[in-house]
Amino acid sequence: MVQARWNGIVLADSDRTLVVEGNHYFPREDVRMENLKDSAATTSCPWKGTARYYDVVAGDQTNPSAAWYYAEPKPAASQIEGRIAFWKGVEVG
């Protein structure tokens, strides 16, 4: 079982993560979406496409753009569609 944790809160818990480039991508249904808020941030990857971000909220703390997903990944990355990954101090393991 892999968990994503930040500020004492379990954000995601799954035995179905997919590891791509060293990052665990959690199925959306295994993520506590109430702790994620839409962010305006985006980035672009040449082979995955456009990443969109969520701010992670736990208690009274916010970790800006600490989760990301690909709403419409390019064909080479189709396996991560519907999945969310974490970084910026979120502990995954």
Side-chain angles (χ1 to χ4, degrees):
M1 191 69 67
V2 179
Q3 288 187 335
R5 298 171 303 283
W6 185 72
N7 201 28
I9 302 290
V10 175
L11 305 169
D13 193 1
S14 181
D15 60 359
R16 303 179 298 132
T17 64
L18 180 65
V19 179
V20 176
E21 295 183 325
N23 297 300
H24 284 270
Y25 283 80
F26 291 81
R28 181 176 296 273
E29 58 270 18
D30 294 344
V31 176
R32 292 175 178 86
M33 297 301 293
E34 65 269 17
N35 293 103
L36 304 183
K37 304 292 182 205
D38 286 327
S39 167
T42 63
T43 56
S44 182
C45 172
W47 74 273
K48 290 185 297 246
T50 300
R52 299 174 189 268
Y53 289 81
Y54 291 114
D55 295 340
V56 173
V57 179
D60 62 351
Q61 300 290 315
T62 299
N63 191 345
S65 303
W68 77 91
Y69 67 100
Y70 290 85
E72 297 176 6
K74 292 185 176 184
S78 63
Q79 72 273 21
I80 61 174
E81 187 170 1
R83 294 176 175 267
I84 299 170
F86 298 91
W87 69 323
K88 292 180 73 178
V90 175
E91 296 177 21
V92 178

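Counting begins at 1 with the first residue of the sequence. No experiment lies behind these values; they were computed from the predicted model shown.
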> Ignoring hydrogens and geometry, is there a side-chain-to-backbone donor-acceptor pair from W87 to S65 under 3.5 Å?
Replying inline: yes
> Looking only at heavy atoms, what is the nearest atom pair of M1 and D15, with distance?
Replying inline: SD-N, 3.5 Å
> With side chains defined as the heavy atoms from C-beta onward, is the minimum distance between W47 and E21 less than 4.5 Å?
Replying inline: yes
> Are any of the side-chain heavy atoms of K37 and T62 separated by less than 4.5 Å?
Replying inline: no
> Looking at side-chain heavy atoms only, is the closest gap between E29 and R16 below 4.5 Å?
Replying inline: yes
>> With heavy-atom distances below 4.5 Å as the criterion, would you say the side chains of L36 and V31 are in contact?
In response: yes
> Looking at OG1 of T17 and CD1 of I84, how far apart are the two atoms once the value is rounded to the nearest 0.5 Å?
Replying inline: 13.0 Å
> Which heavy atom of Y70 sits nearest a heavy atom of G49, and at what distance?
Replying inline: CE2-O, 3.4 Å
> In Å, rounded to the nearest 0.5 Å, how long is the span from OH of Y54 to CG of D38?
Replying inline: 6.0 Å
> Are any of the side-chain heavy atoms of S14 and F26 separated by less than 4.5 Å?
Replying inline: yes
> Going only through I, L, V, M, F, W and Y residues with side-chain contacts under 4.5 Å, is there a path from V57 to M33?
Replying inline: no
>> I'd like to know whether CD of E34 has more than 12 heavy-atom contacts from other residues, nucleotides or ligands below 6.0 angstrom.
In response: yes
>> Keeping N7 on the side-chain end and A58 on the backbone end, is there a donor-acceptor pair under 3.5 Å?
In response: yes
> Any side-chain heavy atom of V20 sitting closer than 4.5 Å to one from Y25?
Replying inline: yes
> According to a 4.5 Å side-chain heavy-atom criterion applied to Ile, Leu, Val, Met, Phe, Trp and Tyr, with indirect links allowed, do I9 and F86 form part of one hydrophobic cluster?
Replying inline: yes
> Do the side chain of N63 and the main chain of K88 share a donor and acceptor less than 3.5 angstrom apart?
Replying inline: yes
> Do V92 and V2 pass the side-chain contact (heavy atoms from CB on, under 4.5 Å) test, and can you show the C-alpha distance, the side-chain angles, and the key distance before you say yes or no?
Replying inline: CA-CA 7 Å; V92 178; V2 179; 3.8 Å; yes
> What class does the angle between the rings of Y53 and W68 fall in, given that below 30° is parallel, 30 to 60° is tilted and above 60° is perpendicular?
Replying inline: tilted
>> Does R28 qualify as a cation-pi partner of Y69, given the criterion of NZ or CZ under 6.0 Å from the six-membered ring centre and within 45 degrees of its axis?
In response: yes
> Measuring from L18:CG to E81:CD, what's the distance to the nearest 0.5 Å?
Replying inline: 12.5 Å
>> Is there a side-chain contact (heavy atoms from CB on, under 4.5 Å) between I80 and K48? Walk through the geometry before answering.
In response: CA-CA 9 Å; I80 61 174; K48 290 185 297 246; 3.8 Å; yes
> Which atom pair, heavy atoms only, marks the closest approach of A66 to V56?
Replying inline: CB-CG2, 3.7 Å
> Within a reach of under 6.0 Å around CZ of R5, are more than 12 heavy atoms found that belong to other residues, nucleotides or ligands?
Replying inline: yes
>> So P27 and R83, do their side chains get closer than 4.5 Å, heavy atoms only?
In response: yes
> Hey, is the main chain of L11 close enough, under 3.5 Å, to the side chain of N35 for a donor-acceptor pair?
Replying inline: no
